[in-house]
Amino acid sequence: MILYKYLTYEVGYSILENNSIAFSSPESFNDPFESEAACSFFPGKAKINLSTQKKIRDAAVQQFKKSYGVLSLTRQPLNPLMWSHYAGEHTGMVIGIDVSEECFTSEIENTIPVQFGNVIYTHTKPSNLFLDTLSEKLNITQSFSFDRDHIETYQRAFLYKASCWSYEEEVRIVKSIPLPLNPEKFITLKSGNFKIINAFSRCNLIDLPLFLMPKGVIKEVYIGLRSGIHDAEYNAELSLEIVNTIRSSQPQTAIFGCKIKENTWELDRFDLEKEALRQLGET
């Protein structure tokens, strides 16, 4: 199964070149309600007052945001609104990743594997105590693996979002990435191998973990319709340059250009290399 990541041009090329992708803290996301559906983790329907429940929930939310990294993907590579919001207003790219690889499906390496990562969109934020009767609490900072007994906990912390975001058709993969202060450049955890880089998030310098992906998992690349490939009707030379640059690091990847589908509000794709060679053959 292939899922997709919308990216700016620069970030996309970095991922293609280094075969690594960020698992970001929910603190850096553009939705201020991230993890706000998480509430107390008392077993069953324990009765606690609202003030205590809020304190526990707020503390848990901060622990979730600091201890885990999230890879947000989508099912649809040709969503015009996603291109506008996340891919530099159609100047960037979309990368298609084969998420059937064990590093994304493993219930040992992932706190939420891809097969359990469908985002749940609701009009009303869940606020009730959990319905599941749990024999023990979840250790937030030590939860590297997927625990089926705590699926409601994971859903509340990472998968519930307001229904206004449903156009994203989001699927998430969550890994436990507890970073120490001043981490080494490369670290190995139960959740995988990571390269740590410095990056800015809302003007703050942070340690950003890049997950080192297996070779060959990037299967498709879509180039935005405002990337320059359509300048002067069609820029075949630029298209071939883009194809050759991508193939130098991802030789087996299918590469598509985007265009407006006639008489609709939809985008369409075309084989970037074949179209460029066709255009050059006619000149």
Side-chain angles (χ1 to χ4, degrees), residues 1-7 11 14-15 18-31 34-35 37-38 41 60-75 95-120 138-161 168 170-199 201 206-218:
M1 179 173 69
I2 297 178
L3 294 177
Y4 300 93
K5 184 72 175 176
Y6 287 77
L7 301 152
V11 173
S14 178
I15 291 172
N18 298 298
N19 208 56
S20 61
I21 195 164
F23 273 72
S24 303
S25 164
E27 287 183 307
S28 66
F29 290 176
N30 58 356
D31 181 4
E34 285 294 339
S35 300
F41 307 126
V61 167
Q62 289 305 310
Q63 283 285 356
F64 275 119
K65 289 181 177 180
K66 292 179 179 178
S67 301
Y68 296 90
V70 179
L71 175 59
S72 296
L73 303 169
T74 180
R75 299 177 182 84
I95 291 177
I97 300 172
D98 182 2
V99 295
S100 62
E101 290 285 335
E102 186 178 6
C103 59
F104 302 124
T105 63
S106 171
E107 296 184 28
I108 303 299
E109 297 179 25
N110 299 289
T111 305
I112 301 181
V114 66
Q115 63 269 31
F116 295 100
N118 295 302
V119 168
I120 303 165
L138 176 69
N139 187 334
I140 296 175
T141 60
Q142 297 297 321
S143 181
F144 284 91
S145 302
F146 179 68
D147 186 343
R148 291 171 182 263
D149 291 338
H150 287 95
I151 190 167
E152 191 175 9
T153 304
Y154 300 142
Q155 288 175 338
R156 290 285 192 92
F158 298 111
L159 299 181
Y160 272 97
K161 287 180 69 71
E168 294 186 346
E170 188 177 357
V171 181
R172 291 180 168 183
I173 302 168
V174 180
K175 289 181 178 287
S176 179
I177 313 174
L179 294 180
L181 292 175
N182 302 315
E184 299 290 331
K185 185 175 181 180
F186 292 94
I187 61 172
T188 297
L189 301 169
K190 294 179 182 178
S191 50
N193 297 316
F194 298 86
K195 178 182 178 180
I196 310 302
I197 65 170
N198 294 130
S201 175
I206 62 170
D207 293 320
L208 181 65
L210 303 180
F211 176 64
L212 305 180
M213 297 186 290
K215 290 183 178 179
V217 299
I218 297 176

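Heads up: numbering here begins at 1 and tracks the sequence.
Taking CZ of F23 as the start and CG of L208 as the end, the distance is 11.5 Å to the nearest 0.5 Å. Interatomic distance, I21 CD1 to L210 CG, rounded to the nearest 0.5 Å: 9.0 Å. Atoms CZ and OG, from F211 and S20 in turn, are 10.0 Å apart once rounded to the nearest 0.5 Å. Atom CD1 of I173 and atom SG of C103 lie 7.5 Å apart (nearest 0.5 Å). Here the straight-line distance linking atom CG of N198 with atom NZ of K185 works out to 10.5 Å at 0.5 Å rounding.
Tested against K175 for a side-chain contact (heavy atoms from CB on, under 4.5 Å), the candidates L189, N110, T111, I112 yield a single pass: N110. With F116 as reference, F146 is the one residue of Y154, F158, F146 to meet the ring-ring contact (aromatic ring centres under 6.0 Å, His included) rule.
More than 12 heavy atoms of other residues, nucleotides or ligands sit less than 6.0 Å from atom CD of E101.
Panel note: side chain S191, backbone F144; no donor-acceptor pair is recorded below 3.5 Å. With hydrogens and angles ignored, the 3.5 Å screen pairs no side-chain donor or acceptor of N19 with any backbone N or O of L212.
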Using the side-chain contact (heavy atoms from CB on, under 4.5 Å) rule, take N118 and R75 through it: C-alpha gap first, then chi angles, then the decisive distance, then the call.
CA-CA 10 Å; N118 295 302; R75 299 177 182 84; 2.3 Å; yes

Test side-chain contact (heavy atoms from CB on, under 4.5 Å) applied to V99 and V171, step by step:
CA-CA 11 Å; V99 295; V171 181; over 6 Å; no

Quick one, D98 with F104, criterion side-chain contact (heavy atoms from CB on, under 4.5 Å). Give me CA distance, side-chain angles, the key distance, then yes/no.
CA-CA 9 Å; D98 182 2; F104 302 124; over 6 Å; no

Verify side-chain contact (heavy atoms from CB on, under 4.5 Å) between F186 and T188, making sure each step is shown before the conclusion.
CA-CA 7 Å; F186 292 94; T188 297; over 6 Å; no

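At least one side-chain heavy atom of I15 sits under 4.5 Å from a side-chain heavy atom of I218.
In terms of the salt bridge (charged side-chain N to carboxylate O under 4.0 Å, His left out) criterion, residue partners of E107 (sequence neighbours excluded) are, by chain and number, R148. For the side chain to side chain donor-acceptor pair (under 3.5 Å) test, residues two or more places apart in sequence or in another chain that qualify with E34 are K161, R172. E109 meets the side chain to side chain donor-acceptor pair (under 3.5 Å) test with no other residue; sequence neighbours excluded.
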